[in-house]
Amino acid sequence: MARVGAVTGNEAVAEALRQINPDVCAAYPITPQTELMQRFAAFVANGKVDTELILVESEHSAMSACIGAAAAGGRVATATCGPGLALMWEMLYVAAGMRLPIFMAVVNRALSAPLNIHGDHSDAMGARDAGWVQLWSENAQEAYDNMIQAVRIAEHMDVRLPVMVCYDGFIISHSIQRAELFEDNVVKGFVGEYKPLNPLLDLDHPKSYGPLILPDEYHEYKRAQHEAMTKVKDVVLGVAEDFARISGRRYGLFEAYRLDDAEVGLVILNSAAGTAKDVVDAFRERGVKAGLLKPRLFRPFPYEEVAAALKGLKAVAVLDRADSFGGYGPVFMEIASALYPLAERPVVINKIYGLGGRDFLPDHAAAVLNELVEIARTGRVRVAKEYIGVRE
Amino acid sequence: MATELKLKELAKKEPLFTSGHRLCAGCGAAIVAKMVLLAAADYPLVLANATGCLEVASCIQDYTAWRVPWIHSAFENAAVTLAGVETMYRALKKKGKIDREIKFIAFGGDGGTYDIGLQSLSGAMERGHDLLYVCYDNGAYMNTGIQRSSATPLGAETTTSPAGSAIPGKLQRRKNLTRIIAAHNVPYVAQAAPSHWADLMKKVRKALAIKGPKFINILSPCNRGWRTRTDDAIMLSRLAVETCYWPLYEVENGVTKITFKPKEKKPVEEFLKTQGRFKHLFKPENEWIIRQFQEEIDREWERLQKEETLYS
């Protein structure tokens with residue numbers, strides 16, 4: 001029997017970590033992740049988990065310790081956000097390059113300067129190319145569910161790659177929501193026993209992790225890493241299917257909300273998708289064929305499936321809670337890439353919203369949808385990329 | 001208790017750091033790695049290496065000179081990477097999945113230890129991980145072309161502290177890392193040199209017999225960076241010890257003990273004049289640097305002796 005609780009996102013993910021009961025967790029506190037690790041530290045202190053918790057002196061060291069621990073041959077978790085993730089950046093590549101199935105909660109936060117601790121996707125987008133699988137979550141329930149599925153995805157023998165589970169700082173990490181939490185034995189059964197592959201601690205079969213590799217083989221090595229990424233999609237879907245059996249909650253590569261017959265649509269990640277869905281409903285009531293696509297698996301990005309979901313639309317707005325200065329937002333670039341091979345494709349525009357925790361309001365979504373309706377009618381784009389909800 | 005060091009016994013052991021590595025001929029680091037592993041060979045071992053000379057020359061894809069499990073993750077984090085391995089070892093031991101007594105050793109050069117790796121080393125020492133960190137100190141970033149590090153001695157010429165007409169080499173004193181780590185109040189800290197091999201190996205054995213974080217700083221002459229002949233490493237190491245540029249001592253549970261006292265303390269010139277990197281110091285206008293260098297050595301040697309008498 002599932003327990004229904006009123007929990008914060010951090011509380012839900014701390015519960016997931018407790019139920020997963022990793023062998024080692026190395027972490028450094030950073031807002032708004034801190035509360036998650038405080039809760040987990042209390043589980044350790046009270047003997048609710050067997051985890052060896054290493055409270056390191058920086059996020060760079062947190063990921064380094066996770067790499068050592070995962071190479072040693074056990075289940076390893078951590079969590080971070082914003083500048084902490086940025087400090088891990090170098091080691092994210094090492095974790096992926098060594099094919100270590102570490103899983104990590106990323107409580108999305110803005111990057112400096114100026115200093116800002118609030119919800120923003122710049123951190124995870126900065127880690128986009130590190131070779132980590134990225135799952136994104138709209139609310140506490142999805143963060144909890146994704147965390148549990150992340151273990152199975154990371155450790156799948158076809159994958160053996162690190163996975164980050166993203167959810168919005170404060171908006172999700174600190175607000176109280178309804179969530180269904182499993183009984184402990186259900187999670188235990190779902191994640192199963194860890195099977196180490198080439199553990200460093202197997203002294204009878206000495207291994208070398210992280211050798212120097214020269215131009216004669218590096219290129220092939222990276223190609224092989226890409227190959228592992230191509231297997232992720234199927235594994236994610238397989239794990240989601242198993243997860244549906246224990247939860248009744250169905251997950252895919254993305255959520256297609258009222259998209260089937262839609263003419264205009266929004267593409268939007270994480271918590272703001274919840275707000276936007278209400279607005280889509282309101283437009284539907286007015287007879288506007290609106291829909292929404294919420295990516296869940298952002299790396300590897302499911303280009304073909306996304307293209308198939310959006311191909312019938314006339315106009316699409318991609319909303320980014322991060323920017324690539326001098327370029328389009330990172331989600332926009334993926335959607336544009338996905339749609340490019342289509343002979344007939346929707347007109348696509350880009351809106352940058354909600355940076356540094358700026359509220360994303362129903363009015364913002366409504367304004368964008370109205371603009372899309374206009375574009376669908378006239379075929380004319382006023383501006384390809386703009387900041388919305390900004391004081392000019 | 002550490003096992004006794006018997007030459008006869010050591011001679012029979014197979015080296016765990018093998019020949020066929022790609023370090024320069026005459027490299028001090030290779031000698032140091034071989035000695036440390038020979039002393040440690042009685043234990044099952046897992047090693048970590050910081051990026052640097054020793055790492056890039058010992059484990060190139062498809063080949064390795066290490067006969068034990070080995071991990072390299074980056075330049076600045078050998079200590080914490082190994083701390084992660086050691087923590088997983090404790091976790092799995094607690095769960096009954098491992099029952100062997102494994103010892104953990106990290107190697108880093110002065111760049112990866114004194115400079116960029118200091119934070120991760122300090123953190124690992126403070127948290128009390130059961131591991132031995134060995135710094136092989138060759139006094140510059142030798143792997144990348146002899147740039148100055150905070151271990152580079154006063155007056156030395158490097159590619160980023162060149163001896164020019166306005167600035168005569170490195171103007172700053174070297175960082176005393178052994179003292180810094182001793183200030184962490186870890187159970188065992190020592191300084192060793194390959195010329196005094198029995199002293200070095202005894203220190204390694206002693207360290208491995210102690211539970212908790214241990215640190216040994218080992219002088220590692222580099223003929224490329226020091227501008228010396230290929231086969232001078234051991235001679236230079238001996239001169240460093242006999243001039244007290246590199247005193248041999250240990251700090252065990254806060255108690256300092258000098259493990260070798262030269263019969264006659266030689267002047268620092270004898271160490272300096274053998275090396276091309278100090279050639280410019282012997283010009284009349286730079287003699288003040290040698291004087292300052294000598295004063296520095298004398299002060300530290302005095303301090304060490306005083307510290308030792310505190311506990312005798």
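Residue numbering restarts at 1 for every chain, and letters A, B, ... go by the order of the sequence lines.
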Student: Check each atom of B:Val46 against the heavy atoms of chain A and say whether the ones under 4.5 Å are side chain, backbone, both or neither.
Tutor: side chain
Student: Report the C-alpha separation of B:Met88 and A:Val76 in whole Å, then their side-chain angles, then the decisive distance to 0.1 Å, and conclude whether the side-chain contact (heavy atoms from CB on, under 4.5 Å) test is met.
Tutor: CA-CA 9 Å; B:Met88 182 56 79; A:Val76 177; 3.5 Å; yes
Student: Which answer fits B:Ser73, side chain, backbone, both or neither, if we ask what part of it has an atom under 4.5 Å from a heavy atom of chain A?
Tutor: both
Student: For A:Leu203 versus B:Pro44, what's the shortest heavy-atom pair and its separation?
Tutor: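 So the two residues come closest at CD1-CB, 3.1 Å.
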Student: Is the closest side-chain heavy-atom distance between A:Asp204 and B:Arg100 below 4.5 Å?
Tutor: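 Yes. Closest side-chain heavy atoms under 4.5 Å.
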Student: What do you reckon, is CD of B:Glu14 surrounded by more than 12 foreign heavy atoms closer than 6.0 Å?
Tutor: no
Student: Output the distance between atom CD (A:Glu52) and atom CG (B:Leu92), rounded to the nearest 0.5 Å.
Tutor: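 Separation between the atoms: 9.5 Å.
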Student: Between B:Lys94 and A:Asp50 (side chain of the first, backbone of the second, donor and acceptor by atom type, cut-off under 3.5 Å), is there such a pair?
Tutor: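 Such a contact is found between B:Lys94 side chain and A:Asp50 backbone.
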Student: Of the backbone (N, CA, C, O) and the side chain (C-beta and beyond), which part of A:Leu55 lies under 4.5 Å from a heavy atom of chain B, both, or neither?
Tutor: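 Answer is backbone: N, CA, C or O of A:Leu55 sit under 4.5 Å from chain B.
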Student: When only pairs under 4.5 Å are counted, which of B:Trp66, B:Trp70, B:Tyr89 shares the most heavy-atom pairs with chain A?
Tutor: B:Trp70
Student: Checking heavy atoms, do the side chain of A:Val94, its backbone, both or neither come under 4.5 Å from chain B?
Tutor: side chain
Student: With a 4.5 angstrom heavy-atom cut-off, is it the side chain or the backbone of A:Met98 that approaches chain B, or both, or neither?
Tutor: side chain
Student: Hey, which of A:Pro206, A:Pro199, A:Ala69 has the most heavy atom pairs under 4.5 Å with chain B?
Tutor: A:Ala69
Student: For B:Val56 and A:Leu212, work out which heavy atoms get closest and say how close.
Tutor: O-CD2, 3.5 Å
Student: Is the number of heavy atoms from other residues, nucleotides or ligands under 6.0 Å of A:Lys222 NZ greater than 12?
Tutor: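 Above 12, so yes.
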Student: For the candidates A:Gly68, A:Gly73, A:Ala70, which exhibits the highest count of non-hydrogen atom pairs separated by less than 4.5 Å from chain B?
Tutor: A:Gly68
Student: For A:Ala26, which atoms come within 4.5 Å of any heavy atom of chain B: side chain, backbone, both, or neither?
Tutor: neither
Student: Are any of the side-chain heavy atoms of A:Ser61 and B:Asn77 separated by less than 4.5 Å?
Tutor: no
Student: Which bit of A:His205 comes within less than 4.5 Å of chain B, counting heavy atoms only: side chain, backbone, both or neither?
Tutor: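 Neither part; nothing is under 4.5 Å.
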Student: Ignoring hydrogens, what is the shortest heavy-atom contact between A:Ser58 and B:Gln119? Give both atom names and the distance.
Tutor: OG-NE2, 2.8 Å
Student: Can B:Arg127 and A:Val56 be said to form a side-chain contact (heavy atoms from CB on, under 4.5 Å), step by step?
Tutor: CA-CA 8 Å; B:Arg127 287 189 305 274; A:Val56 285; 3.8 Å; yes
Student: Testing the basics here: between A:Ile54 and B:Gly84, what is the closest heavy-atom pair and its distance to 0.1 Å?
Tutor: CD1-CA, 4.3 Å
Student: State, with a plain yes or no, whether a side-chain heavy atom of A:Glu57 is found less than 4.5 Å away from one of B:Ser120.
Tutor: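 Counting from C-beta outward, A:Glu57 and B:Ser120 do come under 4.5 Å.
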Student: What part of B:Leu45 is in contact with chain A, defined as an atom under 4.5 angstrom from a non-hydrogen atom: side chain, backbone, both or neither?
Tutor: backbone
Student: Under a 4.5 Å cutoff for heavy-atom pairs, which residue among B:Glu55, B:Lys95, B:His129 has the most contacts with chain A?
Tutor: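 Result: the option with the highest number of such pairs is B:Lys95.
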Student: Which residue out of B:Val68, B:Asp62, B:Leu82 racks up the most heavy-atom pairs below 4.5 Å with chain A?
Tutor: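 Ranked by contacts with chain A, first place is B:Asp62.
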Student: At a heavy-atom separation under 4.5 Å, does B:Asn49 approach chain A through its side chain, its backbone, both, or neither?
Tutor: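 Contact with chain A is absent: no heavy atom of B:Asn49 under 4.5 Å.
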Student: Checking B:Glu76 against chain A: side chain, backbone, both or neither under 4.5 Å from a heavy atom?
Tutor: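 Just the side chain, heavy atoms under 4.5 Å.
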Student: Is the count of non-hydrogen atoms from other residues, nucleotides or ligands lying under 6.0 Å from B:Lys93 atom NZ greater than 12?
Tutor: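 Yes, enclosed.
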Student: Write down the atom of A:Glu90, the atom of B:Ala74, and the distance for their closest heavy-atom approach.
Tutor: OE2-CB, 3.6 Å
Student: Side-chain contact test, heavy atoms from C-beta onward, threshold under 4.5 Å: evaluate it for B:Thr81 versus A:Ser64 and give yes or no.
Tutor: yes
